[in-house]
Every structure is written in C-alpha cells, then in structure tokens.
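Note sheet for the following structure.
Along the sequence shown, residues carry numbers from 1.
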Amino acid sequence: MGDIVEDEASFYSNAQDYWKDIPPTVDGMLGGYGSISSIDINGSKAFLQKFLGDGEGKTGSGCALDCGAGIGRITKRLLLPLFKTVDLVDVTQEFLDKAKTYLGDDSKRVGNYFCSGLQDFVPESGRYDVIWIQWVIGHLTDDHLIDFLRRCQKALRPNGLIVIKDNVSYEGVIPDEEDSSVCRDLNIVCSLVSKAGLRIVHQEQQKNFPKELYQVHTLAIR
C-alpha cells in the first residue's frame, strides 16, 4: 500500500477534512445509502449472536467498543441491545456530539466518547468483550491497521472478539481519493490480520446489498 499512500500525514488529514463536511445523519454515515442500514444491522446481529452467550468459550455481553462510530448508528441498533455498556470512538467530534442525542435514553449506557483517529487510539487493556470495526479500516495504512489490531487484542476480555466488517475489492488495493481511503481485497485483509498475530475464526459475506456496492465481508478475529 506504500505506493498508494505516499504522504501519510495527508492521507489522514484529507480523510478528516472529508468527514467534517458530511452531515451527521444515517444517510451521511452510509454515503447516501441509508436504506441499507436495516439489512446491515440484521446481518451483523445474526453474525454476532453466534458468539455471545454463557457457555464455555462464549463471548460475554458486558462492554463493547464501536470503532469509527460516527453518530452511533451501530451502537444504537446493534451494540446497545446486546451489551450492558458501549464506548464510541470516532475522529469527528461533531458526530460524537450528535450521537449523544441520536442514542436517546440509551445514551445513559454509553461509557465513553473518544474523539481520535484509530491510528492514535489506545483502547483500555482488558475492557472489551467485543470490538466492532466497521467501514473504517480503509482509513488506516497497513502498518497502522496491524498495530491497532494488536492494541485491540490487549483490550479484550477473556473469550473476547474483534469484528471487522468492511468493503473488499475483487483484487488488490483500490484508492478512493474523495474520502482518502483504500479498499483492500480479502486476501490482503486476512494477511494483515495474520501479521497482527491474530486469527480469523469465522467469516461471512453480507447478503442483499445493492449490486453496485463493493462486496462486504465480516470477520470474527481472536
């Protein structure tokens, strides 16, 4: 990815500038595809519930982290219904401010709102049962993604889970100059997970998204 991201500082600052101009709405978070939100959430819930429970090896439901949380769409509809406490991290303060009203009464169960890019964010050690990372890994360089996944592993509780849900390209790395991001193919994503010293325990492709969108895959990682 080095030949695509020649100027790391601009890669991050341009993305930050892009998101500052996006309206703090569900449609804004989903690039004009707000209509897919329910399909997305239902797919994510079915995926996550395979791991949650009280039995041996099951993932707990105490605390989750929503990475690249935006206004809290995933927190509101996926994580807060399943976890006692949720923390949000996003690079755009306006989105986090909006989340406090968007989440309504459920905002009482939000532990923390962290305003940070994931390349700089250090989650608290041993705090989280699930770390949910959706539609944001394209805003990290390869090295920063590897480092962030390592930090996430340290932040997990016993039997905790990291979930990446994101667009994947058919081949190689495709840059998007508009929002200063990249889309990697599945083999590359899996390779970066492996370089972080983690393994993929389950993987699914999201179904029923519009055909013009990238395919979206969900990876459960430990």
(request) Please indicate whether R199 has more than 12 foreign heavy atoms, meaning atoms of other residues, nucleotides or ligands, lying under 6.0 Å from its CZ. (result) no
(message) Closer than 3.5 angstrom, by distance alone: can the side chain of R109 be matched with the main-chain N or O of V86 as a donor-acceptor pair?
(response) no
(request) With sequence neighbours excluded, give me every side chain to side chain donor-acceptor pair (under 3.5 Å) pair touching residues 55-66. (result) T59-R222, D66-T75
(request) Would you indicate whether the side-chain heavy atoms of F148 and I133 approach each other to under 4.5 Å? (result) yes
(request) Report yes if the side chains of V26 and I71 come closer than 4.5 Å at any heavy-atom pair, otherwise no. (result) yes
(message) Closer than 3.5 angstrom, by distance alone: can the side chain of S191 be matched with the main-chain N or O of N187 as a donor-acceptor pair?
(response) no
(message) Rounded to the nearest 0.5 Å, what separates atom CG in D129 from atom CZ in R157?
(response) 4.5 Å
(request) Would you kindly say whether Y12 and H144 are connected by a side-chain donor-acceptor distance under 3.5 Å? (result) yes
(request) Group every Ile, Leu, Val, Met, Phe, Trp and Tyr by side-chain heavy-atom contacts under 4.5 Å, then state whether I164 and M29 land in the same group. (result) no
(message) Considering only residues two or more places apart or on different chains, which pairs with a residue in residues 165-176 satisfy side chain to side chain donor-acceptor pair (under 3.5 Å)?
(response) D40-K165, S44-K165, W135-N167, K165-Q206
(message) When you compare the side chain of I39 with that of F209, does any pair of heavy atoms fall below 4.5 Å?
(response) yes
(request) Have a look at L219 and tell me which of L186, V163, I162 forms a side-chain contact (heavy atoms from CB on, under 4.5 Å) with it. (result) L186
(request) Grab the two heavy atoms, one from V168 and one from C183, that are nearest each other, plus how far apart they are. (result) C-SG, 3.5 Å
(message) Applying a strict under-4.5 Å side-chain criterion to I, L, V, M, F, W and Y, I'd like to know whether V136 and V122 cluster together.
(response) no
(message) If you take the centroid of each ring, where Trp contributes its six-membered ring, are H139 and F11 closer together than 6.0 Å?
(response) no
(request) Can you measure from CG (D105) to CG (L80) and round to the nearest 0.5 angstrom? (result) 11.5 Å
(request) Can you see which heavy atom on F95 is nearest to which on D90, and at what distance? (result) CD1-OD1, 3.7 Å
(request) Evaluate the ring planes of F114 and F121, with Trp represented by its six-membered ring, and classify them as parallel (under 30°), tilted (30 to 60°) or perpendicular (over 60°). (result) tilted
(request) Would you check, one step at a time, whether the test side-chain contact (heavy atoms from CB on, under 4.5 Å) holds for R127 with K154? (result) CA-CA 9 Å; R127 176 170 171 80; K154 292 176 183 173; over 6 Å; no
(request) Of all the heavy-atom pairs spanning C190 and Q203, show the shortest one and how long it is. (result) SG-NE2, 4.5 Å
(request) List the steps and the verdict of side-chain contact (heavy atoms from CB on, under 4.5 Å) for K50 and H202. (result) CA-CA 10 Å; K50 292 179 170 71; H202 187 60; 3.9 Å; yes
(message) Could you tell me if the side chain of L82 sits less than 4.5 Å from the side chain of L48, heavy atoms only?
(response) yes
(request) Please confirm whether the backbone N or O of D7 pairs with a side-chain atom of S10, one donor and one acceptor, at under 3.5 Å? (result) no
(request) For D54, look at atom CG and say whether over 12 heavy atoms of other residues, nucleotides or ligands are found less than 6.0 Å away. (result) no
(message) With rounding to the nearest 0.5 angstrom, report the OG1 to CG distance, T92 to D21.
(response) 10.0 Å
(message) Can you tell me how far apart NZ (K45) and OG (S38) are? Round to the nearest 0.5 Å.
(response) 9.5 Å
(request) For D179 and S181, test the side chains for any donor-to-acceptor distance below 3.5 angstrom and give the result as yes or no. (result) yes
(request) For Y128 and D87, test the side chains for any donor-to-acceptor distance below 3.5 angstrom and give the result as yes or no. (result) yes
(request) Carefully, step by step, assess F51 and V201 under the rule side-chain contact (heavy atoms from CB on, under 4.5 Å). (result) CA-CA 10 Å; F51 299 92; V201 296; 4.0 Å; yes
(message) To the closest 0.5 Å, what do you measure between CG (D143) and NZ (K195)?
(response) 8.5 Å
(message) Do I200 and F47 land in one hydrophobic cluster if side-chain heavy atoms of ILVMFWY residues count as linked below 4.5 Å?
(response) no
(message) On a heavy-atom basis, which atom in I137 and which in R184 lie closest, and how many Å separate them?
(response) O-NH1, 3.1 Å
(request) Considering non-hydrogen atoms only, spot the tightest contact between Y113 and A99 and give its length. (result) CE2-CB, 4.1 Å
(request) Establish whether I131 and V193 are linked, either directly or via other cluster members, by ILVMFWY side-chain heavy-atom contacts under 4.5 Å. (result) yes
(request) Indicate yes or no: at least one non-hydrogen side-chain atom of K76 is less than 4.5 angstrom from one of Y102. (result) yes
(message) What's the separation between atom CD1 in I74 and atom OG in S37, rounded to the nearest 0.5 Å?
(response) 8.0 Å
(request) Walk me through it: do I174 and V182 pass the test side-chain contact (heavy atoms from CB on, under 4.5 Å)? (result) CA-CA 5 Å; I174 300 174; V182 297; over 6 Å; no
(request) Compare every heavy atom of V89 with every heavy atom of S116, then report the nearest pair and how far apart it is. (result) O-CG2, 3.7 Å
(request) Report yes or no: do I221 and L65 belong to one cluster of Ile/Leu/Val/Met/Phe/Trp/Tyr joined by side chain heavy-atom distances under 4.5 Å? (result) yes
(message) Please tell me whether E212 and Y33 have a donor and an acceptor in their side chains that are separated by less than 3.5 angstrom.
(response) yes
